[in-house]
Q: 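This is the structure, below, for whatever I ask next.
Chain naming here is simple, since letters A, B, ... match the order of the sequence lines and numbering starts at 1 in each.
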There are 2 protein chains.
Amino acid sequence: MKRRPNGVSRPTIVDVADVANVSRQTVSRVLADHPRVAPATRLRVEAAIEDLGYRPNRMARALVTRTSLTFGFAAVDMRDLHFGDTCAGMQAEARKHGYYLVVTKLDFEDDRGVGTLETLLTLGVDGIAFFPSFMEDTEIELFASTSGCPVVMIGRGSKIPHVVSIALDETAAADLIVDHLVQSGKRRIGVLMNEMYPKIVHDRFVALGRAITSRTDGVEPPVEADYPQISHGRDAATTLLQRRPDLDAIVGFNDTMAMGALLACHDLGLRVPEDVAIVGYDGIPFGAITSPPLTTIVQDSIGMADAAFKALLSCVQDGTPVEGEVVLWRPELLIRGST
Amino acid sequence: MKRRPNGVSRPTIVDVADVANVSRQTVSRVLADHPRVAPATRLRVEAAIEDLGYRPNRMARALVTRTSLTFGFAAVDMRDLHFGDTCAGMQAEARKHGYYLVVTKLDFEDDRGVGTLETLLTLGVDGIAFFPSFMEDTEIELFASTSGCPVVMIGRGSKIPHVVSIALDETAAADLIVDHLVQSGKRRIGVLMNEMYPKIVHDRFVALGRAITSRTDGVEPPVEADYPQISHGRDAATTLLQRRPDLDAIVGFNDTMAMGALLACHDLGLRVPEDVAIVGYDGIPFGAITSPPLTTIVQDSIGMADAAFKALLSCVQDGTPVEGEVVLWRPELLIRGST
DNA sequence: CACCCTAGAGTGAACGTTCACACCGTGCCG
DNA sequence: CGGCACGGTGTGAACGTTCACTCTAGGGTG
């Protein structure tokens, strides 16, 4: 048996076999619910398993089956509620299908995140879902093509070979926001980004820029680009509003940033939404209880998680290689008091 | 090489050995930075590794070394910011020491969580840290004593054999809160709990009850116990305040619950803190931006995470069995506008 | 010159499991 | 009654790695 730091050893399949007076293979068959085991034998084996408190070693199993029934999930920060919800959604789905989810923080310093994904591979996961916060598309493609397992990217709608991309339709989302703001009479729209997720930010920023220029044609300088060095939305928004006091609307990269902008407006004595309207992304619960409550683009994190899991599962089960597919998610604008 | 669903195979140590014209053992020595390898050979092996994109298989390695350099972490919900911060802290610490953290959701339905921890074991982790949301102490003891690896419990200060407990000093925290409320002239204190984490709730509830009875001696019915069926603090607080309109203070199990109570007061036209004072636990960032901002017991999630990691690491390195130790964390009351 | 030591490299076994195959006995069919 | 199918079980090999040991060549020492 296995000797471990606390002095206890875990029994192996051979220990069970000895107790039940059968061969390892018979125990293995019982574990796999194989039909050709005599009922009496099965009972003896099950008793031995119970007695010894035996649990199969998934690593040894994975080594020979080349399948660990484990998927990897990686994001920069699980406390971000959009990432967290997606993670929880995948976890639930995995559980339903007998899979296990190994979750890890995606680390910028670790080769922009590729190193983290590589580590997941060495851990033997059967597939990987991740948010591409820092990685270049070419890096992702290289990783996916050498990974030996299906790879799903969430949050960015680029078409990358060997990768399934699941993402919000940023163009549609930007259109929803800008249409709404323009209808509310807003014309000078500022955009508040966040350097934490440059790759996701980029698409969103570009989409908003396009939507703004196309809607507010020539009336006013259409967009104020801002990649703040400071992560906190409050400071970023304060800086932005001091530099551009004529702004009448601010779109935050996510709800947290937008809530920072809300505070900045309070600080500066600006009324929301009369002086400045504010919009966020994600639809986190806290956004409902700010004053005024936050207008936001709701992301269907659970739906995306389901789609991600199913993509991984079908690849693994069919053995079909991933071809590079983009699944766009339809955004929904939840209009509340801040606009 | 390894055949996988996307048709790509990952090279093994033997592939590297073949390319570099050495034996597997020599490659293994290069990987382990063994001194007795000729410089020329080392270079050849490193080139082969780079060429093939080889990464060692941690499962195979763990199988023979009986060490995976991996710790498991489990909590009910990573989106809870206290759990999330602790997780992030452990992840950072693990990374520093060359360890990998496998994170998982603790599932009530899975044998009250024990099943989840068992699965972590079958995955081959060298140690486990977890929040004991549903498990009975006896179950935890049984698990720990048969686990074969060090086990750290965070969030509950029970002395359990074979388990290191790291927890907030609930008595001290309750004293801080109640002293402060009494000094502010409050006498009828309601307590708002949350059925999601019954085991943590219990200690907190008991500590608050003791503190309240000892401070508000006989003047008024001292404590209103409430284990709401509804998880949302707003509903729970509304119910509580309708049933006990005489309450002049509410303590929430965590900041999220307390924020719900804040909303309930707004709903009912009660002024905070004049009519009802509100206190939470955890010190999450959103608590700073409510109106009024939330008074709260700050938990040092990162410090606890460090302590948990170090406990696991020293057990693994020294091979010393865990004896059952309780580490209490000193609470800090952050007084803001809600009291 | 015999001896031993050491640097550098390789070989078989083991970790805990499953896969492919072989084996044996029994019952049914022709 | 011979043959065959099949239920039930066991055995060797393999998965990818490291450990413990062995081997070889060369150099220093007495």
Q: To 10°, what angle do the rotation axes through the five end pairs on each side of the helix from C:dC1-D:dG30 to C:dG30-D:dC1 form?
A: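 Both end axes considered, the difference amounts to 60°.
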
Q: Would you kindly give the CE-to-C1' distance between B:M59 and C:dT18, to the nearest whole Å?
A: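 Nearest whole value for this atom pair: 13 Å.
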
Q: Out of C:dA7, C:dA9, C:dG16, which has the shortest distance to the side chain of B:V37?
A: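 Side chain of B:V37 sits closest to C:dA9.
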
Q: Of the options D:dT9, C:dT18, C:dT17, whose atoms approach the side-chain atoms of A:N57 most closely?
A: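 Of all the options, the side chain of A:N57 is nearest to C:dT17.
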
Q: Could you tabulate the donor-acceptor pairs under 3.5 Å formed by side-chain atoms of residues 73-82 of chain A, not counting sequence neighbours?
A:
unit_1: A:D77; atom_1: OD1; unit_2: A:R79; atom_2: N; d: 2.9
unit_1: A:D77; atom_1: OD1; unit_2: A:R79; atom_2: NE; d: 2.9
unit_1: A:D77; atom_1: OD2; unit_2: A:R79; atom_2: NH2; d: 3.2
unit_1: A:R79; atom_1: NH1; unit_2: B:D85; atom_2: OD1; d: 2.5
unit_1: A:D80; atom_1: OD1; unit_2: A:H82; atom_2: N; d: 2.9
unit_1: A:D80; atom_1: OD1; unit_2: A:F83; atom_2: N; d: 3.4
unit_1: A:D80; atom_1: OD2; unit_2: A:Y197; atom_2: OH; d: 3.1
unit_1: A:H82; atom_1: ND1; unit_2: A:S301; atom_2: OG; d: 2.9

Q: Using distance alone, with no hydrogens and no angle criterion, decide if B:T116 and B:D107 have a side-chain donor and acceptor under 3.5 Å apart.
A: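 Checked: B:T116/B:D107 side chains show no N/O donor-acceptor pair below 3.5 Å.
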
Q: Could you please name the option among C:dA9, C:dT17, D:dT17 that lies closest to any side-chain atom of B:V14?
A: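 Given the options C:dA9, C:dT17, D:dT17, the side chain of B:V14 is closest to D:dT17.
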
Q: Strictly distance-based, threshold 3.5 Å: is any side-chain N or O of B:T26 a donor or acceptor partner for the main-chain N or O of B:V22?
A: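 Not confirmed, B:T26 side chain does not pair with B:V22 backbone.
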
Q: Expressed in angstrom and rounded to an integer, what is the separation of A:L69 atom CG from C:dT17 atom C1'?
A: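 Value for this atom pair: 14 Å.
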
Q: So do A:V14 and A:D18 actually touch side chain to side chain, heavy atoms under 4.5 Å?
A: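 A:D18 reaches A:V14 side chain to side chain.
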
Q: Ignoring backbone atoms, test whether B:S28 places a side-chain nitrogen or oxygen under 4.0 Å from the OP1 or OP2 oxygen of D:dT17.
A: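 No, B:S28 has no side-chain N/O under 4.0 Å of OP1/OP2 on D:dT17.
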
Q: Applying ring pair (Phe, Tyr, Trp, His ring centres under 6.0 Å), can you list everything that pairs with B:H97, at least two apart in sequence or on another chain?
A: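 Partners of B:H97 under the ring pair (Phe, Tyr, Trp, His ring centres under 6.0 Å) test: B:F309.
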
Q: In whole angstroms, how far is the P atom of D:dT18 from the NE2 atom of B:H34?
A: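 In whole Å, D:dT18 P and B:H34 NE2 are 12 Å from each other.
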
Q: Return whichever of B:R44 or A:P56 has its heavy-atom-nearest nucleotide of DNA chain C closer to the 5' end.
A: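 Its nearest nucleotide lies further toward 5', so the answer is B:R44.
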
Q: Going by the rule side-chain hydrogen bond (donor to acceptor under 3.5 Å, both in side chains), which residues pair with A:T86 if we only count those two or more places apart in sequence or in a different chain?
A: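 None.
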
Q: Whole-Å distance between D:dA14 P and B:L63 CG?
A: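 Atom CG in B:L63 sits about 17 Å away from atom P in D:dA14.
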
Q: Do any side-chain nitrogens or oxygens of A:T41 fall under 4.0 Å of OP1 or OP2 in D:dT9?
A: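 True: A:T41 side-chain N/O within range (under 4.0 Å) of D:dT9 OP1/OP2.
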
Q: From the options A:L106, A:V125, A:I140, select the one residue that forms a side-chain contact (heavy atoms from CB on, under 4.5 Å) with A:L117.
A: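 Between A:L117 and the candidates, side-chain contact (heavy atoms from CB on, under 4.5 Å) is satisfied uniquely by A:L106.
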
Q: Provide, to the nearest angstrom, the distance between the CD1 atom belonging to B:I13 and the C1' atom belonging to D:dC19.
A: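 Nearest whole value for this atom pair: 13 Å.
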
Q: Polar pairs (N or O, both sides) under 3.5 Å between protein and nucleotides 10-12 of chain C?
A:
unit_1: C:dG10; atom_1: OP2; unit_2: B:S23; atom_2: N; d: 2.7
unit_1: C:dG10; atom_1: OP2; unit_2: B:S23; atom_2: OG; d: 3.1
unit_1: C:dG10; atom_1: OP2; unit_2: B:T26; atom_2: OG1; d: 2.7
unit_1: C:dG10; atom_1: N7; unit_2: B:R29; atom_2: NH2; d: 2.7
unit_1: C:dG12; atom_1: N7; unit_2: B:R24; atom_2: NH2; d: 3.1
unit_1: C:dG12; atom_1: O6; unit_2: B:R24; atom_2: NH2; d: 2.4

Q: Indicate whether OP1 or OP2 belonging to D:dG7 is found under 4.0 Å from a side-chain N or O atom of A:R36.
A: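 It does, given that an N or O in the side chain of A:R36 lies less than 4.0 Å from OP1 or OP2 of D:dG7.
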
Q: Which nucleotide, D:dG7, D:dT18, D:dT9, lies nearest any side-chain atom of B:V64?
A: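 For the B:V64 side chain, the nearest candidate turns out to be D:dT18.
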
Q: Verify salt bridge (Lys or Arg N to Asp or Glu O under 4.0 Å) between A:K159 and A:E325, making sure each step is shown before the conclusion.
A: CA-CA 6 Å; A:K159 189 174 175 73; A:E325 183 194 346; over 6 Å; no

Q: Please list all pairs meeting ring-ring contact (aromatic ring centres under 6.0 Å, His included) that have one or both residues in residues 108-128 of chain A, counting only residues at least two apart or in different chains.
A: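 Qualifying pairs, neighbours excluded: A:F108-A:F134.
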
Q: Across the strands shown, which category fits B:R61 at heavy-atom distances under 4.0 angstrom: base, sugar-phosphate, nothing?
A: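 Result for B:R61 = sugar-phosphate.
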
Q: Do we see a donor-acceptor contact under 3.5 Å between the side chains of B:T67 and B:D126?
A: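 The answer is no; no qualifying pair exists.
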
Q: What integer distance in Å separates B:D33:CG from D:dT18:P?
A: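 After rounding, the reported distance stands at 13 Å.
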
Q: Does B:R66 put a side-chain nitrogen or oxygen below 4.0 Å from OP1 or OP2 of C:dG16?
A: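 Yes, because at least one side-chain N or O of B:R66 sits under 4.0 Å from OP1 or OP2 of C:dG16.
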
Q: What is the distance from CG of B:D15 to C1' of D:dC15, rounded to the nearest Å?
A: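 That distance rounds to 13 Å.
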
